[in-house]
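Just the heavy atoms: all of them, side chains too, but no hydrogens, waters or symmetry mates, feed the values below. Remember, it's 1-based here, ligands and their atoms both numbered in the order they're listed. Throughout, residue positions are numbered sequentially from 1 according to the sequence presented.
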Amino acid sequence: MATPIPSRQLFINGEWREPVLKKRIPIINPATEETIGDIPAATAEDVELAVDAARKALARNKGKDWASASGAVRAKCLRAIAAKVTERKSELAKLESTDCGKPLEEAAWDIDDVAGCFEYYADLAEALDAKQKAPVSLPMENFKSYVLREPIGVVGLITPWNYPMLMAVWKVAPALAAGCAAILKPSELASVTCLELADICKEVGLPAGVLNILTGLGPEAGSPLTSHPHVDKIAFTGSSVTGSKIMTAAAQMLKPVTLELGGKSPIVVFEDVDLDKAAEWTLFGCFWTNGQICSATSRLIVHESIEAEFLDKLVKWAKNIKVSDPFEEGCRLGPLVSGGQYEKILKFISNAKIEGATILYGGARPQHLKKGFFVEPTIITDITTSMEIWREEVFGPVLCVKTFSTEDEAIELANDTHYGLGAAVISNDLERCDRVSKSFQAGVVWINCSQPCFCQAPWGGKKRSGFGRELGEWGLDNYLSVKQVTQYVSDEPWGWYQSPSKLYPIPAPLSLNIPKPLFPLAGEPMIPNLAQIYLVGFYEEREFALYVSSISNELKVPVRYLREDKPHGSAGALYNFRDLIMEDSPSHIFLLNCDVCCSFPLPEMLDAHKRYGGMGTILVIRVSAESASQFGELVADPVTNELLHYTEKPETFVSDRINCGVYVFTSDIFTAIQGVSSQLKHRENLRRVSSFEALQSATRSFPTDFVRLDQDILSPLAGKKQLYTYETMDFWEQIKTPGMSLKCSGLYLSQFRRTSPHVLASGDGTKNATIIGDVYVHPSAKLHPTAKIGPNVSISANARIGAGVRLISCIILDGVEIMENAVVTNAIVGWKSSIGRWSRVQAQGDYNAKLGITILDEVVVTNSIVLPNKTLNVSVLEEIIL
Ligand SMILES: NC(=O)c1ccc[n+]([C@@H]2O[C@H](COP(=O)([O-])OP(=O)(O)OC[C@H]3O[C@@H](n4cnc5c(N)ncnc54)[C@H](O)[C@@H]3O)[C@@H](O)[C@H]2O)c1
Ligand SMILES: NCCCC=O
């Protein structure tokens, strides 16, 4: 019945090659115990040749032949292999049956799975091309990052004998799909079909050295492969004992391993089942593949109320299992793979008897089979949890049984093992199945079945059953290395060190080569006779340093940086350095939020403020995420929504019409601040509100001589003797929301109107501001690209955009007036809109047309600088510099 075995050599570098030491291992037919051929026995010398061939295969043509060829190229090879496997299915199934003893129909099933697995990973290889260069979102605009997925290199694949070809292909197919070169070392007990895989690869023209197949003994061929310094990874399937050796050897070189090891998996049968269906799955779960399945559910845990009836069913069904030569029609249980396994399994059974268990069915060689390594399907009862038969992996057709009374007890018994590969639950109560599935400590769970396995779903264990996952996309990941590529995309120099060149502008001013104010604090006509600038801050931030230097450069006014020992906030900082500042007896002090130009790591800043009781900067009102954007740039993790950082705007400044962010004081300020400090101490005048709504009503009942003190609305402070402060606890919660809708800034605006109408004034500072359209965008708003900017939520028609705004990757609709000093980057600016003086308009990189600067008809660009990569179709007033 057995099929003739082809005589093969080792497969190295695309060629058949006799082992260097010319050793061979006999093949024993487990059904007849006859020697039917032999396989080559590789040793360390052959491993050396195979590793060399694999490395060369990866390097050939600078990798373009395989490792860095497109996934589509590799997919073609995989599909060709799949087609050949299918073409040779009948012959391969016979060889598999002959070699390892599994029933012919099961072997045929395996060969179908082999072809399916190659097909599946061909698809994933193709899909890999599209996944290359996947962008990674970063919180800094001047960097961009993407990810490459590259083959891990040369991989050693060591596999067992129970599904000789299929277990090998679970590794070979994803490894080749990923672009690795592989050396497969199948089990010495069943290697025949793996050598036929070599023949197929040769036939379809797989590039030489991409797959090398070394048959041989574990210690002689597997071990040198594991410890070879030029093998980049070992993927192993086999016993936990060997797995541990492999991990130990690999650890010497810090070589990654994935381990698919043994198991002692449970099957829990509840009392509500159809007994026949449950009995069949129970037997299939343990006796399929002659009981030699890593995930065999060999521990039956059955509800005590159905024990007797269920065992009776099991015995009846077991009697129906045809035990025979695997080639016989209807065979459902063939021989064990080897004499060694046969002896081992019989020993397990006799030990169980010695320990007091009962052999309910089977337990010996079937009487009708005089030759071959056959063992009857065996059911053992009267088991205690300390018995060897309950604890150890048998890897043969032996089912042991225990009962349970409650669900909790069943779960405890199921998890009472060092292993964690598979587990099954049979019950008509699907909620219970769901609960139990979650409680199982296993990598694979079956509900109302046991053992079905699909190459699309992940496979692997927990605990001592190993780690890593094969199959599915996880199987491909095993052979890929992820590479981060991050690029600096800004035209600006990094600017951490002082440039040695005097010509080198640090920092490049917004104005480029046109002399004009960096910010209105310095510009005409705001502060004509500045004597001294103090910059006060807590952090030694790079941006801060740039800020100092740029101001000094542009204004030709001495700038002094006063570093705080702790954060005080704007007003507090001023107060802290009052003696220094007052040395010059200034007539007026202009307070620009001193820390506005720093990028603070938010948690540190918050912490520091809490610790030191900083005032001013973190005297917070509750604002929505939308209006929070008016204070600065919020960068949130797009996946977790966690706030990554909060950057205050460097553009917070005044224009000559709207005062927002710069506060003018006389020396009275110090008295006022003194007052606040003492009030803070006594907490008498400090109101704590829990929400923005509460804040609004609190505002209505302001004492007239109290004003708000917060970051952006400090100007009313001038001349006042007392200050009013707000704190709410949930501000930071509020601004954690990524994506900002400016519509809501109306809320902020109404607050603004009520408390400080004159800061909205235009012209002479006495009239109310003219706010056109629905939305008023705060003069220093910065719209971050992560903001949700669209026609409904972005900058609406007729809005007036304040001075110094930064508009990034947004859509600006019709009739929008953007004031001077704007930075408009990668935005679409709508019809009849205007961008004011000194604005910088730029687009860069390979944005598509939608994100590139598109300045549409009738947009007035006044005296602006328009940088490259734009589409201009404009009515031009004054000057456009290209
Ligand atoms: N988790 C899974 O997916 C899975 C699948 C199939 C089999 N298995 C497990 O495999 C075991 C049965 O297979 P086995 O008897 O072939 O296992 P095994 O550990 O004896 O051998 C597995 C492979 O390792 C090789 N090997 C042995 N010693 C080695 C060494 N020192 N260095 C390198 N390689 C060495 C063998 O030659 C063979 O190729 C069972 O425990 C079973 O549960 C697990
Ligand atoms: N059905 C495949 C099981 C693999 C483990 O032995």
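In this structure a side-chain-to-backbone donor-acceptor pair under 3.5 Å is present from N415 to Q441. Using a distance-only test at 3.5 Å, with no hydrogens or angles considered, no donor-acceptor pair links the side chain of D99 to the main chain of E96.
Regarding atom 39 (O) of ligand 1, its nearest protein heavy-atom neighbour is T159 O, 2.8 Å. Of the protein's heavy atoms, T242 CG2, 3.4 Å lies nearest to atom 27 (C) of ligand 1. For atom 25 (C) of ligand 1, the closest heavy atom belonging to the protein is I158 CG2, 3.6 Å. What sits closest to atom 1 (N) of ligand 1 on the protein, heavy atoms only, is L261 O, 2.7 Å. Counting only heavy atoms of the protein, atom 12 (C) of ligand 1 lies nearest to F395 CE2, 3.5 Å. Atom 2 (C) of ligand 1 has as its closest protein heavy atom C294 SG, 3.3 Å. For atom 34 (N) of ligand 1, the nearest protein heavy atom (residue, atom name, distance) is G222 CA, 3.6 Å. Considering only non-hydrogen protein atoms, atom 31 (N) of ligand 1 sits nearest to K245 CD, 4.0 Å.
Under the salt bridge (charged side-chain N to carboxylate O under 4.0 Å, His left out) criterion, K264 pairs with no residue at all, not counting sequence neighbours. Residues passing the side-chain contact (heavy atoms from CB on, under 4.5 Å) test with E18 are Q9, K22, sequence neighbours excluded.
Considering backbone and side-chain atoms alike, W459 places an N or O below 3.5 Å from some N or O of ligand 1. The shortest N/O to N/O separation between T237 and ligand 1 does not fall below 3.5 Å. Ligand 1 has a nitrogen or oxygen under 3.5 angstrom from a nitrogen or oxygen of E188. The distance criterion of under 3.5 Å between nitrogen or oxygen atoms is not met by W170 with respect to ligand 1.
The backbone and the side chain of K185 each have at least one atom closer than 4.0 Å to an atom of ligand 1 (non-hydrogen atoms only). Proximity of S295 to ligand 1, defined as any heavy-atom pair under 4.0 Å, is not found for any part of the residue. Neither the backbone nor the side chain of I293 has a heavy atom within less than 4.0 Å of ligand 1. At a heavy-atom distance under 4.0 Å, only side-chain atoms of F236, from C-beta outward, approach ligand 1. Residue I246 touches ligand 1 through its side chain alone, judged by heavy-atom distances below 4.0 Å. With a 4.0 Å cut-off on non-hydrogen atoms, Q292 does not touch ligand 1 at all.
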Show me the donor-acceptor pairs, under 3.5 Å and distance only, between side chains in residues 155-166 and residues at least two apart or in other chains.
{"residue": "N162", "atom": "ND2", "partner": "Q292", "partner atom": "O", "Å": "2.9"}
{"residue": "Y163", "atom": "OH", "partner": "T289", "partner atom": "OG1", "Å": "2.7"}

Which protein N or O atoms sit under 3.5 Å from any N or O of ligand 2? Give each pair with its distance.
{"residue": "ligand 2", "atom": "6 (O)", "partner": "N162", "partner atom": "ND2", "Å": "2.8"}
{"residue": "ligand 2", "atom": "6 (O)", "partner": "C294", "partner atom": "N", "Å": "2.9"}

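Here the two rings, on W288 and W109, have centers that are under 6.0 Å apart.
When K264, E470, M167, E393 are ranked by how near their heavy atoms come to atom 41 (O) of ligand 1, first place goes to E393. For atom 13 (O) of ligand 1, the nearest non-hydrogen atom from the set S338, G461, G243, P160 belongs to P160.
The cationic group of K233 lies under 6.0 Å from the six-membered ring centre of Y479 and within 45° of the ring axis, placing it in a cation-pi geometry.
D110 pairs with exactly one of K89, K94, K102 by the salt bridge (charged side-chain N to carboxylate O under 4.0 Å, His left out) rule, that one being K102. Residue R391 forms a side-chain hydrogen bond (donor to acceptor under 3.5 Å, both in side chains) with just one option from T385, T417, D416, and that option is D416.
When each atom of ligand 1 is checked for a heavy atom of L421 under 4.0 Å away, the hits are 1 (N). Close approach of ligand 1 to S223 (heavy-atom distance below 4.0 Å) involves ligand atoms 32 (N), 33 (C). Short contacts between ligand 1 and W161, defined as distances under 4.0 Å to a heavy atom of the residue, involve ligand atoms 13 (O), 14 (P), 15 (O), 16 (O). Close contacts between ligand 1 and G262 involve ligand atoms 41 (O), 43 (O) [criterion: under 4.0 Å to a heavy atom].
Side-chain atoms of N351 and E388 include a donor-acceptor pair closer than 3.5 Å. Under the 3.5 Å distance criterion, with hydrogens and angles disregarded, no donor-acceptor pair is assigned to the side chains of T43 and E220. Using modelled atom types, one finds a donor on one side chain and an acceptor on the other under 3.5 Å when comparing S239 with T242. A donor atom on one side chain and an acceptor atom on the other are not found under 3.5 Å apart for S265 and S295. Side-chain atoms of T215 and E188 include no donor-acceptor pair closer than 3.5 Å. Remark: the T378 side chain and the E376 side chain contain no N/O donor-acceptor pair separated by less than 3.5 Å. Between R74 and Y121, the side chains place no donor N or O within less than 3.5 Å of an acceptor N or O (distance only, hydrogens not considered).
Around CE of M247, the count of heavy atoms belonging to other residues, nucleotides or ligands within 6.0 Å does not exceed 12.
One finds no salt bridge joining D38 and K23 here, because no Lys/Arg side-chain nitrogen approaches an Asp/Glu carboxylate oxygen to under 4.0 Å.
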